[in-house]
Every structure is written in structure tokens, then in C-alpha cells.
Amino acid sequence: MSNKLIIFDTTLRDGEQSPGASMTKDEKIRIAKVLEKMRVDVIEAGFAIASVGDFEAVKAVANIIKDSTICSLARALDKDIDRAGEALKGANSSRIHTFIATSDIHMKMKLNMTPDQVVDQAVRAVTRARNWTDDVEFSPEDAGRSDEDFLCRVIEAAINAGATTINIPDTVGYNMPHQFGETIKNLIERIPNSDKAIFSAHCHNDLGLAVANSLSAVLNGARQVECTINGLGERAGNSSLEEVVMAVRTRQDVFACDTNIDTTQILPASRLVSSVTGFIVQPNKAIVGANAFAHEAGIHQDGVLKHRETYEIMRAEDVGWNANQLVMGKHSGRNAFKVRLNELGVEFDSDKSLNDSFTRFKELADKKHEIFDEDLQALVSEAQTKDHESIKLISLKVSSETGEKNAAKVQLSINGEEKTATAKTSGAVDATFSAISSLLDTDVNLQLYSVSNVTQGTDALGEVSVRLEFDGRIVNGQGADTDIIIASAKAYINGLNKFLVATDKAHPQV
Ligand code: KIV
Ligand code: ZN
């Protein structure tokens with residue numbers, strides 16, 4: 001059995017299925033670049049047939065990313081597989097991931113198909129996918145609740161048809177670790193051609209067991225784990241990449257395999273995904289939470305100072321915390337700026353984009369004494385999203401006075417035309433959003449508004465996330481500024497711009 005554990009990242013597909021986590025094509029490209037830098041083996045870039053936007057995103061990621069295999073999801077339907085194949089044409093290395101449900105409840109109630117029909121459709125799908133690429137993954141959806149004999153039958157047929165990876169999804173997060181591991185072991189032992197495919201685990205976190213189930217699968221012979229950054233994903237999420245990777249790396253005494261992941265890219269990836277989706281990472285989240293390496297108790301601090309391994313099982317810098325932290329200021333040059341951002345996983349696709357970000361950095365350095373990695377990431381993230389926006393903030397003036405309503409005067413450029421509006425309500429943010437809304441012919445609902453400080457101190461950048469809903473569609477907007485009202489306006493405008501680019505989307509499991 002191989003000692004390489006393949007990391008299949010599905011942040012851009014299953015992760016994006018979290019309500020409210022939709023990403024634009026440009027955001028997906030930015031995340032894919034960080035995943036490539038992290039040396040993720042397979043990036044599931046989307047579900048090509050879901051919408052024009054998804055197709056374009058898979059295609060763009062396939063054309064840009066060179067070192068990771070790019071994958072598209074496809075139901076076991078001819079039209080899905082052909083759409084996935086089309087989107088992946090430009091990839092250096094491509095994979096089609098096709099699936100059909102195999103549990104009794106899904107076959108009867110959702111598909112209205114007999115087990116025989118499901119086997120036939122699985123075989124047909126894998127055979128068709130093999131016409132597009134030699135790398136075909138098959139998933140029996142809801143395997144965690146499927147009959148084991150039937151799983152053996154459908155998987156054997158899929159491997160005979162050419163599937164090279166067999167992914168076992170615990171679609172509803174129902175399994176217990178010992179049971180999921182046992183299933184993997186039994187399938188590998190019982191299926192006569194199992195040696196012709198790599199077995200994979202795809203676990204959901206409904207009972208908080210996604211990582212435990214994935215690791216149990218690895219202990220029982222799985223050599224691919226499907227996971228997402230920050231554990232993002234449908235409902236309670238998927239297995240978290242950082243937890244799986246660090247568990248395997250830290251406990252090499254237990255696991256007979258390891259990943260190829262550059263773990264120093266974990267924190268930049270976590271921050272980027274959190275900022276793009278507006279899904280804040282809880283402080284006590286393993287590996288990437290703000291407190292993951294913070295020792296508060298005196299006895300722990302004392303122990304760590306005397307000998308680090310008394311209380312630390314991993315080194316913070318190995319997952320990207322404070323790695324080579326270079327504090328920058330107003331005298332730092334363009335090259336130092338570029339080098340530091342490259343180290344943080346950010347590449348500039350043109351001189352213009354570097355220059356725009358550098359200008360913003362200088363503006364920030366005028367307001368803020370020391371600039372930390374987190375500031376740089378927030379700043380560049382903003383510069384890169386703003387480029388293609390058709391609604392832009394030109395100026396904002398807000399007044400606050402005790403006992404008085406807040407007044408906001410906002411000036412926007414909408415498709416190149418300058419427009420001004422004012423609003424007076426109770427609340428500076430509310431007045432700002434009202435003034436902006438009055439300039440646009442839409443009635444969006446604000447579902448979430450959150451502010452966080454990017455670094456410490458009262459001069460810190462404030463990062464605002466908003467979640468907006470319009471006509472059943474949900475988007476996230478982000479903005480950062482040392483002034484949190486301006487950051488709020490930027491986030492709101494960023495969200496509104498996304499309504500102009502996103503398109504209708506189908507859900508793979510419907
Ligand atoms: O959870 C699931 O079953 C899936 C499949 C499409 C693999 O995401
Ligand atoms: Zn899933």
C-alpha cells in the first residue's frame with residue numbers, strides 16, 4: 001500500500017455549498033493559487049453543469065493551475081460529464097468526479113431507481129468520463145448509509161468501467177469512526193478489483209466526527225482524503241484540511257503514510273477562505289484559530305518557556321503562524337512588499353495589480369505605524385476584488401453626534417457615472433447602507449454584518465463582512481479600512497457588485 005496520502009481539496013465545490021459561501025470566479029482563482037502553492041494534489045474547482053458561472057470558474061482554474069490536478073463534479077448523467085470534460089479541457093492534469101446515490105433511502109425516495117438501474121448508470125457514467133480523461137473518480141453517494149453488499153457490487157462495476165479513485169462519502173455525517181474505518185477495510189478486502197483504485201474518504205461533520213472518520217478511513221487503507229479549508233462545507237461542513245494534514249504529520253507513529261502538503265501555507269489559505277466567504281474562524285478552532293497556539297495559564301507559559309514541547313505538540317510556524325514575520329512600515333519598498341506577499345501565497349498577475357496594491361499599502365502606512373502580515377493580506381484581498389467592480393466608492397462622509405440621528409453622504413461611480421445620495425437614520429452604518437441602496441434599483445436584505453479587527457490596537461484595520469440576499473440569492477461582501485464605517489461601505493458595495501456577476505446555480509444533490 002502506498003505511503004502517500006492524497007489531499008483532495010473541495011473548498012471550491014462542497015465548501016461553496018455552505019449557505020452564503022458563494023465565491024466569484026476571481027475569488028476561486030485566488031484560492032486555487034494558494035492551494036496549488038500548498039501542494040494540494042487535487043482541487044475540485046466546482047460543479048461545471050451547475051451554472052454558467054461554475055463552468056467558467058472550473059475552466060479558468062483548469063487553465064491557470066499547473067501543479068495540481070483539477071477536478072469537476074458531475075452527476076452520473078451524460079450531459080454533466082460532457083460539461084465537466086469541456087470545462088477541464090485546458091488542464092495540465094484533469095479529473096472527472098461522478099456520483100450517484102446508493103443508499104436505499106436515496107435510491108427509492110430521491111432517484112426513484114432500482115439498484116440495477118443505479119449500477120447501470122454508474123457504469124455508463126464512468127465509461128463516458130473515461131473518454132475525456134484517464135483520471136476518473138466515482139462516489140456512491142450516501143455510502144455511509146448504504147448496504148455493504150450493494151456497495152461492493154456497484155464499486156466493482158465502476159472499477160471495471162475505468163474508475164481510478166473510489167470515494168466513500170458519509171454524505172449526511174452519520175457514521176462513527178470505528179464503523180467508517182471498518183467499512184473502508186471491508187470494501188478493500190471484499191471487492192476483487194479494489195487494488196486497481198485508490199480508496200478515498202469524504203466525511204461530513206454533522207456529528208462533529210468528519211476528521212475522526214477520515215483518519216479512521218486512512219488507518220484502514222484509504223489513501224485519499226477529501227477536505228476543505230477551515231472545514232467549510234454543506235451544513236456542518238466537511239473534514240478540515242488543516243486538521244487532517246496536521247494529525248497525520250504530527251502522529252507519524254500512528255499513520256503509515258503522509259501528505260505532500262507545504263503546511264506553512266495553511267494559515268494564509270485559512271485567512272483567505274475566511275475573508276472571501278465571510279465565515280469567521282472560531283478562536284478555539286484547531287490549527288488556525290487565534291488561540292490555537294496561545295498559552296494563557298501561567299503554568300503552561302512557564303513550561304513552554306522552559307521547554308517548548310512540554311505543552312506544544314506542533315510548532316506554530318510550521319502551519320504559517322508568524323513565519324518569518326516582517327513588520328513593514330512607510331519606508332518599506334515595493335520589492336520587500338512583493339516578496340513578503342509571495343511568501344504569504346499571494347501572486348500578482350500584472351504589474352498594475354502590484355502597483356495598485358503597493359499604493360494602497362503606502363496609504364495604509366501613512367495611517368498605521370506598523371503593518372503586519374494580516375494587514376497585507378486584507379489589503380491585497382481588497383485591491384484584487386475591487387479591480388473589476390462596476391459600482392465603486394468615491395467618497396463617504398458620516399456625522400455622529402450624541403442625541404442626534406446619523407447622517408451619511410455617499411458618492412458612488414456606477415458604470416462610470418458619478419452619483420450622490422444622503423440618508424439620515426439612527427446608526428452610522430445604517431445611514432451609509434441606506435444612502436448606497438437609494439442609488440441602486442434593488443431591495444437587498446442584509447442577513448449578516450460583522451466587524452473584526454485584523455490586528456491589535458486602535459489603529460488596526462477593521463475588516464467587515466456582510467451577507468446580502470436578493471431574490472433568493474445570497475452573496476458575501478468584504479471591505480477593510482482603518483475606519484470601520486468606510487470598511488462597511490466597501491463591504492456592502494463589494495456584495496452588491498457580486499449580484500451583477502453571479503448566476504443561477506444548481507445544487508449537485510438535487
Ligand atoms: O457529500 C457527498 O456525498 C458529496 C458527493 C457529491 C461526493 O459531496
Ligand atoms: Zn459532500
Side-chain angles (χ1 to χ4, degrees), residues 6-19 21-22 42-50 54 58 69 71-77 80-81 83-84 95-107 109-111 118 121-122 125-126 129 135-147 150-151 154-155 158 163-175 180 183-184 187 197-211 213-214 217 222 224-241 244 505-510:
I6 296 168
I7 293 297
F8 176 115
D9 181 278
T10 183
T11 308
L12 304 181
R13 198 279 296 171
D14 216 327
E16 205 203 15
Q17 282 170 224
S18 302
S22 65
V42 187
I43 299 174
E44 190 165 51
F47 173 41
I49 201 150
D54 248 59
V58 175
T69 295
C71 174
S72 172
L73 185 68
R75 288 165 301 183
L77 297 172
D80 279 40
I81 288 161
R83 195 77 174 140
R95 174 180 295 189
I96 294 178
H97 174 192
T98 186
F99 73 99
I100 188 163
T102 50
S103 60
D104 287 348
I105 184 169
H106 275 226
M107 289 192 289
M109 311 306 289
K110 185 178 87 168
L111 298 176
V118 166
Q121 197 161 317
V126 172
D135 187 348
V136 174
E137 173 169 325
F138 171 69
S139 290
E141 189 195 1
D142 203 17
R145 291 189 300 169
S146 301
D147 173 65
F150 182 58
L151 277 181
V154 71
I155 292 171
T164 44
T165 300
I166 296 296
N167 179 47
I168 306 299
D170 181 17
T171 304
V172 291
Y174 179 70
N175 283 202
F180 194 66
T183 302
I184 299 287
L187 293 176
I198 289 171
F199 278 69
S200 163
H202 176 111
C203 299
H204 279 271
N205 206 29
D206 299 67
L207 294 172
L209 294 170
V211 170
N213 285 342
S214 304
Q224 173 176 287
V225 171
E226 302 204 350
C227 44
T228 57
I229 301 292
N230 299 338
L232 196 68
E234 188 87 39
R235 305 182 309 278
N238 288 65
S239 264
S240 120
L241 178 147
V244 169
K505 219 176 165 63
H507 189 289
Q509 268 118 342
V510 176

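All ligand and atom numbering here is 1-based and tracks the order in the structure. The chain is numbered in sequence order, starting from 1. Being a predicted model, the structure only gives us computed values, none of them experimental.
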Review point. Does Asn175 reach the main-chain N or O of Asp170 with its side chain, forming a donor-acceptor pair under 3.5 Å?
Key: no
Review point. Between Asp142 and ligand 1, does any nitrogen or oxygen pair lie at a separation below 3.5 Å?
Key: no
Point to revise | Residue pair Glu141, Lys110: steps toward the salt bridge (Lys or Arg N to Asp or Glu O under 4.0 Å) verdict | key: CA-CA 12 Å; Glu141 189 195 1; Lys110 185 178 87 168; 2.8 Å; yes
Check your understanding: What about His97: any of its N or O atoms under 3.5 Å from an N or O on ligand 1?
Key -> no
Practice item. May I ask you to identify, for Thr171, whether its side chain, its backbone, both or neither come under 4.0 Å of ligand 1 on a heavy-atom basis? Key: both
Review point. Identify the closest protein heavy atom to atom 2 (C) of ligand 1: which residue and atom is it, and at what distance?
Key: Gln509 NE2, 3.3 Å
Check your understanding: Checking only N/O/S atoms, does Asp14 have one that is under 2.8 Å from the Zn ion (ligand 2)?
Key -> yes
Point to revise | Modelled atom types, side-chain donor and acceptor of Asp14 and Asn238, under 3.5 Å | key: yes
**Study point:** Atom name in His204, limited to N/O/S, at shortest distance from the Zn ion (ligand 2)
**Key:** NE2
Exercise for review: List the closest protein heavy-atom neighbour of atom 1 (O) of ligand 1: residue, atom name, distance to the nearest 0.1 Å.
Suggested key: His204 NE2, 3.0 Å
Point to revise | Shortest-distance N, O or S atom of His202 relative to the Zn ion (ligand 2) | key: NE2
Review point. Can you find an N/O atom of Glu141 closer than 3.5 Å to an N/O atom of ligand 1?
Key: no
Exercise for review: Would you tell me whether Thr171 and Asp142 have side-chain atoms, one donor and one acceptor, within less than 3.5 Å of each other?
Suggested key: no
Exercise for review: Determine whether any heavy atom of Arg13 lies closer than 4.0 Å to an atom of ligand 1.
Suggested key: yes
**Study point:** Polar contact flag for Asn167 and ligand 1 (N/O pairs, less than 3.5 Å)
**Key:** no
